[in-house]
Amino acid sequence: MLSEEDATGGWTLRVDPSQGAMLTRSMYRRQLSVWEDGRLFQFVVDDDTRTLRWGRRSTVAAAKLAAEKAARPASAP
């Protein structure tokens, strides 16, 4: 279960009774989200019109890192 301890480094914990807990962050004009789905953590990176990247990782830290990496513009180092 995601907790306030997971909401570090610019991430915000949002709890919706119907959807559960979700970590969110905005960077590079993209919306990043991470949530728990069974034993895995799902991540998604959206811009204003579409989903740019999604995936699953085994830890919340890995999911946050993958989302942040996927949010970087193509020209960023």
Side-chain angles (χ1 to χ4, degrees):
M1 175 94 178
L2 294 173
S3 68
E4 284 291 332
E5 293 174 358
D6 298 316
T8 59
W11 290 85
T12 303
L13 179 67
R14 300 187 191 276
V15 179
D16 183 337
S18 64
Q19 295 179 335
M22 178 181 290
L23 295 172
T24 61
R25 180 175 184 188
S26 293
M27 68 186 299
Y28 303 114
R29 291 190 260 172
R30 292 169 169 88
Q31 181 65 36
L32 291 61
S33 303
V34 171
W35 67 95
E36 192 171 6
D37 183 21
R39 295 182 303 169
L40 297 174
F41 293 90
Q42 303 266 0
F43 73 90
V44 67
V45 178
D46 295 319
D47 67 7
D48 291 336
T49 59
R50 61 194 167 106
T51 297
L52 300 173
R53 178 86 185 223
W54 66 271
R56 295 182 189 105
R57 297 293 186 268
S58 59
T59 66
V60 67
K64 288 169 42 178
L65 184 63
E68 290 168 349
K69 185 176 178 182
R72 291 184 198 140
S75 62

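Just so it is clear, the structure is predicted and the values come from calculations on it, not from any experiment.
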Please list every donor-acceptor pair under 3.5 Å in which a side-chain atom of residues 36-49 meets a protein atom from a residue at least two apart or in another chain.
| unit_1 | atom_1 | unit_2 | atom_2 | d |
| --- | --- | --- | --- | --- |
| E36 | OE1 | M1 | N | 2.7 |
| D37 | OD2 | Q42 | NE2 | 2.8 |
| D46 | OD1 | T51 | OG1 | 2.8 |
| D47 | OD1 | T49 | N | 2.9 |
| D47 | OD1 | T49 | OG1 | 3.4 |
| D47 | OD1 | R50 | N | 2.8 |

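- W54 and V34 fall into different hydrophobic clusters, where Ile, Leu, Val, Met, Phe, Trp and Tyr residues are linked whenever their side-chain heavy atoms come under 4.5 Å apart, directly or through other members.
- Sorted by first and then second residue, the salt bridge (Lys or Arg N to Asp or Glu O under 4.0 Å) pairs with a member in residues 5-21 form an empty list; sequence neighbours excluded.
- One hydrophobic cluster, built from ILVMFWY side chains closer than 4.5 Å, holds both L52 and L23.
- Contact record, A71 with Y28: O-CD1, 3.6 Å, taken as the closest heavy-atom pair.
- A continuous path of Ile, Leu, Val, Met, Phe, Trp and Tyr side chains, each step under 4.5 Å between heavy atoms, connects V60 with W11, placing both in one hydrophobic cluster.
- When all heavy atoms of L2 and A21 are compared, the closest pair comes out as CD1-O, 3.7 Å.
- V15 and M22 are not part of a single hydrophobic cluster, where members link through side-chain heavy atoms under 4.5 Å apart.
- Remark: S26 pairs with Q31 by the side-chain hydrogen bond (donor to acceptor under 3.5 Å, both in side chains) rule, at least two apart or across chains.
- Screening residues 57-68 for salt bridge (Lys or Arg N to Asp or Glu O under 4.0 Å), with sequence neighbours left out, gives R25-E68.
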